[in-house]
Amino acid sequence: MGQAYSGMADSLPVKVPAIYSRNQNVNHNGQQSPIAQDEKFAYGTAGFRNNADKLTFIVFRCAYLAGLRARQQNQTIGLMITASHNPACDNGVKIVDPKGDMLAADWEKYATELVNSTDDQFPTAVRALEVKVNKTFAPNAKVVCAIDTRESGKHLMNAAKAGVAIFNVEFENHGILTTPQLHYLVKCNNEPSFGRPSEFGYYCTLANAFKKLHHLTNEPEESNYSNKLVLDCANGVGFPRFQDLLQLIDERYLNIEFRNENGELNFGCGADFVKISQVLPANFNSNDEKCASFDGDADRLIYFKPTSDNKINLLDGDKIAVLLATYIKDQLKNIETDLTFGIIQTAYANGSSSRYIEEKLGVIPEIVPTGVKNLHHAAIKYDIGVYFEANGHGTVVFSEKFDEVIRRNSSENLSIQRLQLISRVINEVVGDAFADLLAVEIVLRHYGWSIEDWNEKLYKDVPNIQIKVPVEDRSIFKTTWEETTLIEPSGIQDLINAEVEKYSNSRAFIRPSGTENIVRVYAEADTVEDTEKLGRSLENIVKSL
Ligand SMILES: CC(=O)N[C@H]1[C@@H](OP(=O)(O)O)O[C@H](CO)[C@@H](O)[C@@H]1O
Ligand SMILES: [Mg+2]
């Protein structure tokens with residue numbers, strides 16, 4: 001039971017320790033890093049992200065809000081301190097809602113308002129929110145918090161603890177975890193039937209389902225599958241925590257060679273680096289066979305096969321989505337059901353993948369705006385909803401009806417049993433690099449595929465490029481809902497269209513990032529040269545502004 005404060009909220013003064021004020025904002029090195037009272041921050045695609053020096057007061061205020069949310073819901077709320085694939089000097093904070101999903105949109109607004117208030121306004125802003133949403137009796141209110149491996153993490157964990165303490169909501173420090181592990185803990189705390197709410201419970205669920213499904217998988221006689229994998233950990237939390245998981249899955253099942261274990265986080269390595277630069281990460285070479293990368297907080301996974309001269313064949317989130325969807329659809333063929341099946345992508349999905357999904361899998365992919373919450377919300381409309389961002393973040397979600405028809409079915413039918421188990425290997429709460437890796441390995445073994453087979457047998461990516469263009473103010477860029485057309489600054493879209501028309505089978509768009517102070521350029525065309533030219537011409541359009 002939590003010890004949530006249960007009296008009238010406004011009977012307590014809102015006390016902010018000076019080190020957590022904008023005025024002082026003491027950083028992890030014990031130095032003051034004052035924030036101008038009028039400097040603005042926004043709750044972006046994945047919460048607040050910035051240089052770690054700026055985050056102390058933000059985490060404190062966000063943690064207070066997480067406590068309030070916990071009280072309003074009378075449930076456990078999560079607070080994850082990470083800046084994922086961003087540089088080691090950055091950090092970030094996001095709030096996780098009771099089902100383990102992203103914070104509700106109206107609360108994102110509260111978060112932005114609270115963080116943007118001045119030191120003088122903060123106590124009043126807190127009061128106003130309290131009056132609006134506080135529940136006076138919330139015995140189950142709790143905030144669970146975790147950090148990634150960044151140097152600033154421990155200090156920010158202390159700021160979080162202090163923020164949650166404003167109204168004495170119960171606080172649990174879970175130390176260094178991956179982002180998906182924290183999401184999973186939140187869900188299990190609120191729905192104990194879903195799983196044990198502990199780090200060990202998470203490992204057991206994944207490992208047990210993986211091993212059982214391994215036994216129910218018949219590797220074809222002429223198999224090219226190998227259980228050897230070279231794993232780029234981005235020098236992040238993926239290394240220690242995946243090792244913990246592998247304590248329960250021995251080398252007969254998976255033979256992992258770890259690379260990039262303890263160096264500078266995300267520097268020249270990691271899923272984001274490999275996806276965007278499309279070259280080998282640090283410490284890999286062309287003799288390596290099947291390779292994969294996690295990002296800094298291990299919620300993204302991509303695979304790659306070194307070719308020559310530092311280059312790679314990339315198997316990104318789209319390839320993972322199609323692989324998992326193919327497996328699930330093949331199992332469904334052996335069962336009579338009317339379960340609905342959907343695949344969700346964003347504008348960054350490779351055009352070939354969307355065509356393949358439509359033509360070969362017979363599913364029209366749904367395209368939604370960037371950001372996991374958009375994909376997740378679209379996916380839960382289906383009984384089986386596969387969603388992946390091209391960058392390797394994604395999962396599969398399953399409905400109540402799936403529970404009824406598949407999970408609670410005691411049939412001996414092998415396909416039903418496989419679906420039961422794959423749905424447990426996959427972390428349906430949120431995209432999870434560990435769970436996705438286990439699922440991919442099971443499916444590759446099922447089809448007897450090497451990484452080359454996987455790359456060649458489904459579809460071939462059209463050449464594509466992503467360019468990050470630093471800008472002073474990304475808020476001047478406004479797009480349509482599906483993000484492929486620029487509405488502002490006016491006139492720019494016409495310039496983009498004129499460039500796209502110069503190349504055959506091309507597609508390109510410009511969109512402001514929600515996590516970095518950059519504008520992203522994306523381009524596809526028939527050849528690598530044309531793709532590069534098209535991408536650079538859009539980059540120049542942005543630079544000329
Ligand atoms: C093109 C791209 O990869 N964008 C990423 C990136 O968002 P941006 O808003 O594009 O910066 O970070 C998000 C959070 O990790 C992730 O959900 C998203 O897919
Ligand atoms: Mg991440």
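Any value given below was found using the heavy atoms of this structure, including those in side chains, with hydrogens, waters and symmetry copies removed. Whatever order the structure lists them in is the order used to number ligands and atoms, beginning at 1.
Between R511 and ligand 1 there is a heavy-atom distance shorter than 4.0 Å. At least one heavy atom of R520 sits less than 4.0 Å from an atom of ligand 1.
Side-chain contact of Q181 with Y203: a donor-acceptor pair under 3.5 Å is present, judged by distance alone.
Of all atoms in ligand 1, listed by their number and element, those nearer than 4.0 Å to a heavy atom of R300 are 5 (C), 12 (O), 15 (O), 16 (C). Listed by number with element, the atoms of ligand 1 under 4.0 Å from a non-hydrogen atom of G514 are 8 (P), 9 (O), 11 (O).
Counting heavy atoms from C-beta on, the side chains of D288 and L280 never come closer than 4.5 Å.
The ring of F509 has its center closer than 6.0 angstrom to the ring center of Y348.
In this structure, F242 and F258 have perpendicular ring planes: the angle between them is above 60°, well past the 30° mark.
For the pair K460 and Y356, the cation-pi criterion (under 6.0 Å, within 45° of the ring axis) is not fulfilled. Judged by the 6.0 Å distance and 45° axis criteria, R259 is positioned over the aromatic ring of F284.
Among the backbone and side-chain atoms of D299, an N, O or S atom lies under 2.8 Å from the Mg ion (ligand 2). Taking backbone and side chain together, S84 holds an N, O or S atom under 2.8 Å from the Mg ion (ligand 2).
For ligand 1, the polar-atom distance check finds an N/O of N391 within less than 3.5 Å of one of the ligand's N/O atoms. Residue P512 places no N or O, backbone or side chain, under 3.5 Å from any N or O of ligand 1. Checked against a 3.5 angstrom limit, the closest N/O atoms of T45 and ligand 1 fall inside it.
Classification of E441 and K290 as a salt-bridged pair holds, one side-chain N sitting under 4.0 Å from a carboxylate O.
Shortest contact from atom 16 (C) of ligand 1 to any protein heavy atom: E389 OE1, 3.4 Å.
Partner R507 forms a salt bridge (Lys or Arg N to Asp or Glu O under 4.0 Å) with one of E499, E501, E524 and no other, that one being E524. For the side-chain hydrogen bond (donor to acceptor under 3.5 Å, both in side chains) criterion with Y184, the lone passing option out of D432, T205, N427 is T205.
In the candidate list T370, D299, N86, T370 is nearest to atom 4 (N) of ligand 1, counting heavy atoms.
Of all the N, O or S atoms in D297, the one closest to the Mg ion (ligand 2) is OD1. Between the Mg ion (ligand 2) and the N, O or S atoms of D295, the shortest distance is to OD2.
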